[in-house]
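Have a look at the structure below, then the notes.
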Amino acid sequence: MRISQCTCRDHAIGGQRNLFTDITEMTVTSTPHKTSTSCVVPPKTPLGGYDALSTPVYRASTIVFPDAAAYRNRFSRAPDGYTYGLSGTPTARTLEMQLSEIQGAERTILTPSGQSAISTVMLTLLRSGDHLLVTDNTYPPVKQFAEEVLVPFGVSVDYFDPCTPEDLRAKVIKGKTRLVWLESPGSTTMEVADIDLLSTIAHEAGALVGCDNTWSTGLLFRPLDHGVDFSMEALTKYVGGHSDILMGAVSVRDMEHYTALRRTLSSFGVGVSPDECSLALRGMQTMALRLEHSGQVAMILARELAERPEIGAVLHPGLPGAVGHEIWKRDFAGSSGVFTLRLDGISNDRVDAALDSLRTFAIGASWGGTRSLMAPQSLKGGRQIMPVQEETTYMRLSIGLESIDDLRTDIENMLAAMTS
Ligand SMILES: *Cc1c(COP(=O)(O)O)cnc(C)c1O
């Protein structure tokens with residue numbers, strides 16, 4: 001039995017032996033020599049005294065139990081304990097707990113993207129016959145999910161104007177509306193809504209409330225303090241912070257909601273990788289500083305751009321006269337780095353010329369990273385209730401960490417190319 005005598009080192013050196021031939025020569029009754037066992041069973045390394053300042057990456061599918069009874073009773077460890085890698089390792093739990101602290105939550109679940117955080121909330125709560133109300137200025141894929149997945153499953157969907165609370169009051173159906181989905185500031189058009197008031201209206205009708213809080217992170221606004229039941233965030237943006245991971249989170253105070261969300265994730269077989277959690281944990285270390293810097297530069301540039309005749313409108317909740325500016329001042333701790341320019345009357349050719357003149361800003365979707373981005377958006381057909389300029393380009397800016405002088409130069413060149 002040649003293979004039983006080969007040591008790990010033989011394989012590591014390689015070349016001399018044909019492993020496949022050796023395996024076919026093996027008989028089923030052969031017992032591997034204990035050196036093979038040594039290859040797969042690492043010695044127990046003592047962890048005492050190893051108190052790393054950073055969070056280690058714990059990878060695992062299998063979790064080992066100390067005895068038969070512990071394995072038999074493993075589901076009593078749910079929803080927080082470790083039973084199988086899919087439901088999380090200590091790396092994921094650390095990220096969840098850190099997010100809970102920032103959001104003022106009891107628990108947080110992680111999902112593979114921001115969009116899947118939204119779909120996880122909706123699939124947990126909504127059943128055939130239920131009614132869903134979605135803010136008209138939501139992140140657009142929410143409408144796609146509602147219409148292409150939820151409606152065929154028998155859920156009815158309506159949109160409402162979050163800036164007119166009476167619109168929600170008129171559309172919410174007592175005993176039928178199960179969830180009201182909010183986002184503030186609104187995607188692209190940046191309206192700030194009165195989350196306390198909208199949550200109260202929803203709760204009075206027996207509906208639960210979810211809010212996409214990606215723009216603010218928990219640092220600028222905490223939806224759970226304002227009546228929201230499910231605070232959702234795309235960690236892809238400011239928490240990840242470096243344009244290299246995709247992840248989402250949902251934070252809750254109610255343990256029953258938490259257990260229900262965890263059961264949805266396990267039913268769907270959805271989990272997140274500890275390596276990505278580690279990158280999110282690293283991003284979190286500098287998030288407050290990055291957000292403060294980007295927010296301040298965004299506010300300065302928004303004020304400067306508001307003076308420019310080439311721009312139709314600057315949509316930033318921190319500008320006086322912006323929709324919901326007074327609510328923003330009341331509820332938010334500051335600005336993040338994302339706002340929008342409405343380029344009224346500019347042809348697509350001129351918009352493209354403007355984008356092609358950029359040297360510091362990159363052209364691309366997503367946001368919240370170290371690099372400043374511009375992304376042209378069209379709202380044609382994208383809004384069902386709130387009026388928008390369908391023929392106008394909405395240019396979304398995400399301010400990163402470059403020097404403000406370089407960003408200003410880029411914007412000057414862009415405006416020149418746009419109007420030449
Ligand atoms: C990016 C984004 C999402 C989706 O996040 P992904 O991780 O890209 O799926 C959801 N909501 C808002 C407001 C976002 O900006």
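In listed order, ligands and their atoms are each counted from 1.
Residue, atom and distance of the protein heavy atom nearest to atom 15 (O) of ligand 1 are Lys237 NZ, 2.6 Å. Of all protein heavy atoms, the one lying nearest to atom 12 (C) of ligand 1 is Asp212 OD2, 3.4 Å. Remark: minimum distance from atom 7 (O) of ligand 1 to any protein heavy atom is reached at Thr236 OG1, 2.6 Å. Closest to atom 9 (O) of ligand 1, if we only count protein heavy atoms, is Gln115 N, 2.9 Å.
Under 4.0 Å is where a charged nitrogen must lie from a carboxylate oxygen, and between Arg107 and Glu96 no such pair does. One finds a salt bridge joining Arg308 and Glu412 here, because a Lys/Arg side-chain nitrogen approaches an Asp/Glu carboxylate oxygen to under 4.0 Å.
Using bins of under 30°, 30° to 60° and over 60° for the plane-to-plane angle, the ring pair Phe65/Tyr71 lands in the perpendicular bin.
When the options Phe361, Phe339, Tyr238 are evaluated for a ring-ring contact (aromatic ring centres under 6.0 Å, His included) with Trp367, the one that passes is Tyr238.
Across the listed options Val338, Val142, Leu246, Leu246 owns the non-hydrogen atom lying nearest to atom 8 (O) of ligand 1. Considering Gly114, Pro140, Pro185, Ser116 only, the shortest heavy-atom separation from atom 5 (O) of ligand 1 involves Gly114.
The environment of CZ in Arg59 is sparse: at most 12 heavy-atom neighbours from other residues, nucleotides or ligands sit within 6.0 Å.
The structure places CD1 of Ile385 at 11.5 Å from CG of Asn137, a figure rounded to the nearest 0.5 Å.
Looking at ligand 1, you won't find any N or O of Glu183 less than 3.5 Å from one of its N or O atoms.
Using a 4.0 Å cut-off between heavy atoms, Trp367 contacts ligand 1 through its side chain alone, with no backbone atom that close.
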